[in-house]
Amino acid sequence: MTVLADASAKAKKKSQSYMYVEFFSNYQTKKTLLDYYHMPGYLVNYLNNHGHSIFQLKHAELRDRFVRMLMKGIDTKQVVFDYIRTAIKEPFHAVGAFSAVKERKRLNEAKKGVSDLTNLDKDIKSINSAGAKLRHQYVRAAKSTEEKDVYKASGQKKLESIAYRLLNSVKAGNRHAFMDTVFRMYMGTGLTIPTIFTDINKEQGLDFETIASAFITGLLAEDRSNSKEEAKANG
């Protein structure tokens, strides 16, 4: 019985974690880089079931950072923030930034032992869509104003400024500043504020970073399905 118990314990441990070793050699400089990662069971399951989704992060450098951080068990939110900052400058990266938001939440759910990692995808997509809808309304309202005052910044430029402000609020964990900006935007367009924002201070469900990041990526998203920029991002 003792032997069986010992064998069972070892088998359970092996099924719960793996060791991944990576090395790179440059024969010209005679240097070899070695790195290793401990892969707990939750990460193995995530990669098996959702690893392919990481390819939706089209920015190669940020995707590589995202993978290395998740392999080390580090919260990938800093990559998400950097991806959003990139998307502010180059809006065709907004789709990839949103994918980073979604995959980060899936990883965090996996760490908690949640089996269905897509359980919050619908809510995250809803927030993103709300941001996109607000962007459309906001830009249209700005264009109407620009016809009267050609010296005013374009709607797109205003959104860039607002996006930076929102991102800084998220990075600082300042919920009040974030919501204040969001309320002002909705008041200026006449749209109704989505009820999902009422969950921004709750401990259950979506966390503040996920709600805010999904919303910002929606604000940045543009219909560029036939653009050269998107082709470049997907190349």
Side-chain angles (χ1 to χ4, degrees), residues 46 50 53-54 56-57 66 75-88 91 93-142 155-156 158-223:
Y46 166 80
H50 302 285
S53 298
I54 298 177
Q56 295 175 12
L57 281 64
F66 188 92
D75 191 337
T76 57
K77 67 179 180 180
Q78 188 56 55
V79 177
V80 172
F81 296 155
D82 290 345
Y83 216 142
I84 292 175
R85 185 172 293 277
T86 298
I88 294 175
H93 278 300
V95 174
F98 173 65
S99 294
V101 174
K102 186 170 58 178
E103 295 313 310
R104 171 184 175 265
K105 186 56 181 176
R106 287 177 174 178
L107 278 164
N108 288 347
E109 289 292 286
K111 287 182 181 180
K112 298 176 184 177
V114 177
S115 57
D116 180 11
L117 302 184
T118 63
N119 64 328
L120 295 173
D121 284 4
K122 185 177 180 180
D123 291 336
I124 297 174
K125 176 61 179 176
S126 177
I127 299 169
N128 180 262
S129 297
K133 183 178 180 180
L134 180 59
R135 176 192 179 282
H136 177 75
Q137 191 73 11
Y138 193 85
V139 171
R140 187 171 66 176
Q156 181 62 37
K158 289 180 180 179
L159 278 176
E160 289 179 8
S161 177
I162 291 172
Y164 276 122
R165 192 188 315 159
L166 290 171
L167 179 58
N168 289 334
S169 297
V170 181
K171 293 174 68 175
N174 193 332
R175 291 171 171 79
H176 176 76
F178 178 85
M179 288 307 304
D180 181 67
T181 301
V182 170
F183 279 134
R184 289 177 184 275
M185 290 188 71
Y186 272 99
M187 289 176 63
T189 58
L191 294 176
T192 302
I193 299 177
T195 56
I196 191 66
F197 284 115
T198 60
D199 297 334
I200 208 163
N201 292 312
K202 294 182 179 179
E203 295 184 2
Q204 300 297 325
L206 295 175
D207 57 287
F208 171 54
E209 287 86 357
T210 299
I211 294 175
S213 298
F215 179 75
I216 298 173
T217 55
L219 279 179
L220 300 173
E222 293 185 287
D223 183 10

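What you see is a predicted model; the values in this text were computed from it and never measured.
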- Message: What verdict does the side chain to side chain contact (heavy atoms under 4.5 Å, CB included) test give for T210 and N108, after you've listed the backbone C-alpha separation in whole Å, the side-chain angles of each residue and the deciding distance to 0.1 Å?
- Response: CA-CA 11 Å; T210 299; N108 288 347; 5.7 Å; no
For [Y], is there an ion pair with [X] - N to carboxylate O distance below 4.0 angstrom?
{"X": "K112", "Y": "E109", "value": "yes"}
{"X": "R175", "Y": "D180", "value": "no"}
{"X": "R106", "Y": "D121", "value": "yes"}

For the student: nearest non-hydrogen atoms of [X] and [Y], plus distance:
{"X": "G131", "Y": "L219", "result": "O-CD2, 3.4 Å"}
{"X": "S53", "Y": "E103", "result": "CB-OE2, 3.3 Å"}
{"X": "D116", "Y": "N119", "result": "O-OD1, 3.1 Å"}
{"X": "A97", "Y": "T217", "result": "CB-CG2, 3.7 Å"}
{"X": "A163", "Y": "L220", "result": "CB-CD2, 3.8 Å"}
{"X": "P194", "Y": "Y186", "result": "CD-OH, 3.2 Å"}

- Could you tell me whether the side chain of S129 and the main chain of K125 form a donor-acceptor pair under 3.5 Å? yes
- Task: Tell me, with the steps shown, if R104 and D207 meet salt bridge (charged side-chain N to carboxylate O under 4.0 Å, His left out).
- Result: CA-CA 11 Å; R104 171 184 175 265; D207 57 287; 3.3 Å; yes
- Start with the C-alpha distance between S99 and Q56, add both sets of side-chain angles, then the distance that settles side chain to side chain donor-acceptor pair (under 3.5 Å), and finish with yes or no. CA-CA 6 Å; S99 294; Q56 295 175 12; 3.1 Å; yes
- Should M187 and I193 be marked as a side chain to side chain contact (heavy atoms under 4.5 Å, CB included) after you check the CA-CA gap, both sets of side-chain angles, and the distance that decides it? CA-CA 9 Å; M187 289 176 63; I193 299 177; over 6 Å; no
- Message: Show, in sequence, the C-alpha distance, side-chain angles and deciding distance for L166 and V182, and conclude whether the side chain to side chain contact (heavy atoms under 4.5 Å, CB included) test is met.
- Response: CA-CA 8 Å; L166 290 171; V182 170; 4.1 Å; yes
- Query: Going through the checks in order, is the side chain to side chain contact (heavy atoms under 4.5 Å, CB included) test met by I196 and S126?
  - Reply: CA-CA 9 Å; I196 191 66; S126 177; 5.9 Å; no
I'd like to check [X] versus [Y] (side-chain heavy atoms, cut-off strictly below 4.5 Å). Are they in contact?
{"X": "N128", "Y": "F215", "result": "no"}
{"X": "Y83", "Y": "V101", "result": "no"}
{"X": "V170", "Y": "I216", "result": "yes"}
{"X": "D75", "Y": "L107", "result": "no"}

How many angstroms lie between atom [atom1] of [X] and atom [atom2] of [Y], to the nearest 0.5 angstrom?
{"X": "K171", "Y": "S213", "atom1": "NZ", "atom2": "OG", "value": "11.0 Å"}
{"X": "T189", "Y": "L134", "atom1": "OG1", "atom2": "CG", "value": "5.0 Å"}
{"X": "I162", "Y": "L167", "atom1": "CD1", "atom2": "CG", "value": "13.5 Å"}
{"X": "R85", "Y": "H93", "atom1": "CZ", "atom2": "NE2", "value": "15.0 Å"}

- Message: Is the distance from the ring center of F208 to that of F178 below 6.0 Å?
- Response: yes
- Within the 6.0 Å centroid threshold, strictly below: F197 and F183: no
